[in-house]
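This report concerns only the one structure given below.
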Number of protein chains: 2
Amino acid sequence: MNIGEASAASGVSAKMIRYYEQIELIPSATRTEAGYRVYGDRDVETLRFIRRARDLGFSVEEMGTLLALWRDKERESSEVKQIALGHIAEIERRIRELEGMARTLRHLASHCHGDHRPDCPILDDLAANTPDPAQARTHKMPQRRKSGVQ
Amino acid sequence: MNIGEASAASGVSAKMIRYYEQIELIPSATRTEAGYRVYGDRDVETLRFIRRARDLGFSVEEMGTLLALWRDKERESSEVKQIALGHIAEIERRIRELEGMARTLRHLASHCHGDHRPDCPILDDLAANTPDPAQARTHKMPQRRKSGVQ
DNA sequence: CTTGACCTTGCCATGATGGGAAGCTCTATC
DNA sequence: GATAGAGCTTCCCATCATGGCAAGGTCAAG
């Protein structure tokens, strides 16, 4: 099976299959004399596993761990469960973050006329709100020495 | 005001301020003779606007539009509302996507012993599930000519 | 004058993915 | 057997927003 066929059979693009090989998420495929990658049913199974895990939002790193556990017949299911639970917690954190944004935006939008008049509480709010450093997102503001807003 | 002070006053890192200038989201700051960027209160206001919009999940492109509308006194609030509503819809779409993942994972995890036994429905499911091309995420699988899984 | 915090530019990295070019291979059709 | 064109190969570049590091100039306090 060529890479294109393996791609169609697994739902993972050929580009990504090569990428996964390069980062050693999957072993290097054997090659034909001409240098074409060759895949078997086992490889397609692995690629489907990856495709499914990715659709569940697992990162490539997490997929690597899951694959290793999958291949290890003696693995303990608690390890897998831990990864799944951790991932669920992360997803729920992102959901809460997005819901906070949506809540604020819905509130602002509901107070905006949405007509030809220029008054718009959305812009006013964006402009007026003093930033609260404590609720910064990915922010790591460096501390200054002379510290003081001039 | 130097860039570090403007950063502290606005909550936007110096690095990002330079980046926003480079991509022309904000106008180029005036410079001292030595080449230092100089900021005034108006600039800090703009940066705060950006910081707040970013915390609400707006992309840089959307921020550019919002900034233009903010500066345009004659703008119609309907434009702003449209952007906000579109953004809300996008956030809600992402939330639904994440909730689908969380639901599936919770279901799988609840059926996993989570102990020393190797049996794990999570891995079994990842391995066995045939991919449904219709529910692909960002997938644009290219169509093959001979189309057929060997 | 020295120290060191601050500024400058520039390059590199992230994560997962796509796009495209240049060049080789395979296969179906004439 | 020759030709066309789909498919494969590698390599490089782009995304998006952000951080890190390095080399070098500047400024202010001691």
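Letters go in sequence order (proteins before strands), and every chain restarts at 1.
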Take the protein atom [atom1] of [X] and the nucleotide atom [atom2] of [N], then report the distance between them rounded to whole Å.
| X | N | atom1 | atom2 | result |
| --- | --- | --- | --- | --- |
| I17(B) | dC6(C) | CD1 | C1' | 14 Å |
| R54(A) | dG15(C) | CZ | P | 17 Å |
| E5(B) | dC6(C) | CD | P | 10 Å |
| I3(B) | dC27(D) | CD1 | C1' | 16 Å |

Discussion item. Taking 4.0 Å as the cut-off, does a side-chain nitrogen or oxygen of S13(A) come that near to OP1 or OP2 on dT17(C)?
Written reply: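 For dT17(C), OP1/OP2 do not have a side-chain N/O of S13(A) under 4.0 Å.
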Discussion item. Tell me whether the side-chain N/O atoms of R18(A) come closer than 4.0 Å to OP1 or OP2 in dT17(C).
Written reply: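 For dT17(C), OP1/OP2 do not have a side-chain N/O of R18(A) under 4.0 Å.
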Practice prompt. Check whether Y36(A) and V44(A) end up in the same hydrophobic cluster, where Ile, Leu, Val, Met, Phe, Trp and Tyr are linked by side-chain heavy atoms less than 4.5 Å apart.
Written response: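 Not linked; separate clusters.
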Item to complete: Report whether V38(A) and Y19(A) are members of the same hydrophobic cluster (ILVMFWY, side-chain heavy atoms less than 4.5 Å apart, transitive linking).
Response: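 Not linked; separate clusters.
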Discussion item. Can you say whether a donor on the side chain of K15(B) sits under 3.5 Å from an acceptor on the base of dG10(C), or the other way round?
Written reply: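 Per atom types, the contact qualifies.
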Identify each atom pair where a protein N or O and an N or O of nucleotides 14-16 of chain D are less than 3.5 Å apart, giving names and distance.
none

Fill in: Close side-chain approach of V12(A) and S7(A), heavy atoms under 4.5 Å
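No, too far: nothing below the 4.5 Å cut-off.
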Worksheet item: Hey, are the side chains of L105(B) and F58(A) touching, using non-hydrogen atoms and a 4.5 Å cut-off?
Response: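 Yes, close enough: below the 4.5 Å cut-off.
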Worksheet item: Does a sphere of radius 6.0 Å around CZ in R42(B) hold more than 12 heavy atoms from other residues, nucleotides or ligands, not counting ones at 6.0 Å or beyond?
Response: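 Check fails, neighbour count at 12 or below.
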Fill in: Donor-acceptor under 3.5 Å (R48(A) side chain, A9(A) main chain)
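Judged by distance alone, yes, a pair lies under 3.5 Å.
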Practice prompt. Hey, could you give me each pair passing side-chain hydrogen bond (donor to acceptor under 3.5 Å, both in side chains) that has a residue in residues 80-90 of chain A? Not counting sequence neighbours.
Written response: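 Non-adjacent pairs meeting side-chain hydrogen bond (donor to acceptor under 3.5 Å, both in side chains): E90(A)-R93(A).
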Worksheet entry | Distance in Å, T46(B) OG1 paired with Y20(B) OH, rounded so as to fall on 0.5 Å steps |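 T46(B) atom OG1 to Y20(B) atom OH measures 13.0 Å (nearest 0.5 Å).
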Practice prompt. Check each residue of residues 20-38 of chain B for a non-hydrogen atom within less than 4.0 Å of any atom in DNA chain D, then write out the ones that pass by number, or none.
Written response: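 Contacting residues: Y20(B), A34(B), Y36(B).
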